[in-house]
Amino acid sequence: MRFIINIIIGICVLAAFVSASASAQNKSTKSPSEIAREQSQAVVVIEALDERGSVLKQGSGFIVTPNGAIVSNLHVVRGAFSLRVKLPTGDIYKTTDLVDVDDAKDIAILKIKGFKLPVISLGDSDKAEVGDPIVVISSPEGLTNSLTTGVISGVRRLETHRVFQIT
């Protein structure tokens with residue numbers, strides 16, 4: 001089941017999903033291109049760096065506050081000496097500021113020193129149902145703002161939380 005968590009959070013499905021589900025909840029369905037246009041500027045590439053500044057690993061994240069709080073996977077940032085966050089605009093931020101982590105959910109919240117940053121629009125994931133459309137915006141292997149579409153094929157309960165299985 002851990003792969004489901006990594007898929008959902010690791011490639012920012014949550015960011016894109018809540019955008020799609022928020023639209024569905026408002027009864028005004030947006031196209032994948034509209035969601036990408038509105039949300040992709042808040043999806044970032046995160047590089048975990050060693051003491052020499054070499055990249056150890058990389059993953060995706062999404063900005064949740066205009067002053068720089070970012071959600072990503074804990075496995076992406078764990079063990080890093082510092083982090084480099086790349087925005088789609090080309091702006092780059094370095095940080096060592098981990099605000100909070102959740103081992104069970106493989107989530108990390110980090111902070112960059114920014115202001116007026118683009119943020120993801122969050123919806124209510126409790127209203128998500130099997131069959132709802134989903135749009136994935138991620139940066140696999142650093143390929144910024146790759147887009148995939150699908151549906152929620154299952155809502156599963158782990159010991160501490162729910163996860164979404166997607167096609």
Heavy-atom donor-acceptor pair, [X] side chain to [Y] backbone, under 3.5 Å:
X	Y	value
Ser60	Ser139	yes
Asn73	Asp106	yes
Thr167	Val151	yes
Ser54	Asp50	no
Ser153	Gln165	yes

Salt bridge (Lys or Arg N to Asp or Glu O under 4.0 Å) for Asp126 and Arg162? Distances and angles first, verdict last.
CA-CA 9 Å; Asp126 288 338; Arg162 292 179 325 132; 3.4 Å; yes
Kindly indicate whether the side chain of [X], heavy atoms from C-beta on, has any atom under 4.5 Å from the side chain of [Y].
X	Y	answer
Leu110	Val99	no
Ile152	Glu129	no
Thr149	Val136	no
Ile70	Val44	yes
Phe62	Val71	yes
Ile134	Thr148	no
Arg84	Val45	no
Leu147	Val135	yes

From CA spacing to verdict: side-chain contact (heavy atoms from CB on, under 4.5 Å), Glu47, Leu83:
CA-CA 6 Å; Glu47 295 175 330; Leu83 302 167; over 6 Å; no
Please evaluate residues Glu38 and Lys30 with respect to the criterion salt bridge (Lys or Arg N to Asp or Glu O under 4.0 Å), reporting the C-alpha separation (whole Å), side-chain torsions for both, the decisive distance (0.1 Å), and the verdict.
CA-CA 10 Å; Glu38 292 172 4; Lys30 293 185 179 183; 2.7 Å; yes
To the nearest 0.5 angstrom, please state how far the [atom1] atom of [X] sits from the [atom2] atom of [Y].
X	Y	atom1	atom2	answer
Ile63	Ile112	CD1	CD1	5.5 Å
Lys94	Lys113	NZ	NZ	13.0 Å
Thr29	Glu34	OG1	CD	9.5 Å
Thr144	Leu87	OG1	CG	10.0 Å
Ile166	Asp132	CD1	CG	13.0 Å

If we count only N and O atoms by modelled type, under 3.5 Å, do the side chains of Asn67 and Thr65 hold a donor and an acceptor together?
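Looking only at side-chain atoms, Thr65 and Asn67 do form a donor-acceptor pair, the distance falling under 3.5 Å.
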Closest approach of [X] and [Y], non-hydrogen atoms and distance?
X	Y	answer
Ser138	Val43	CA-CG1, 4.3 Å
Gln39	Ser121	OE1-N, 3.0 Å
Asn145	Ser40	OD1-O, 3.2 Å
Lys105	Thr160	CE-O, 4.1 Å
Val76	Gly59	CG1-N, 3.8 Å
Tyr93	Gly114	CE2-CA, 4.2 Å

Which residue pairs pass the salt bridge (Lys or Arg N to Asp or Glu O under 4.0 Å) test when at least one of the two sits in residues 64-74, sequence neighbours left out?
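Checked against salt bridge (Lys or Arg N to Asp or Glu O under 4.0 Å) - neighbours excluded - no pair reaches residues 64-74.
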Assigning hydrophobic clusters by single linkage (Ile, Leu, Val, Met, Phe, Trp, Tyr; side-chain heavy-atom cutoff under 4.5 Å), is Leu74 placed with Leu49?
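Not linked; separate clusters.
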Answer with yes or no whether the hydrophobic clustering places Val64 together with Ile109; edges join I, L, V, M, F, W, Y residues whose side-chain heavy atoms lie under 4.5 Å apart.
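Val64 and Ile109: one cluster.
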If you apply the rule side-chain contact (heavy atoms from CB on, under 4.5 Å), what do you find for Val101 with Ile107, and how did you get there?
CA-CA 6 Å; Val101 299; Ile107 295 175; over 6 Å; no
Tell me if the NZ atom of Lys57 is crowded by more than 12 foreign heavy atoms within 6.0 Å.
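Atom NZ in Lys57 is packed in, count exceeds 12.
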One pair to check against salt bridge (Lys or Arg N to Asp or Glu O under 4.0 Å): Asp103 and Arg78. What are the steps and the verdict?
CA-CA 10 Å; Asp103 280 307; Arg78 180 175 270 143; 2.3 Å; yes
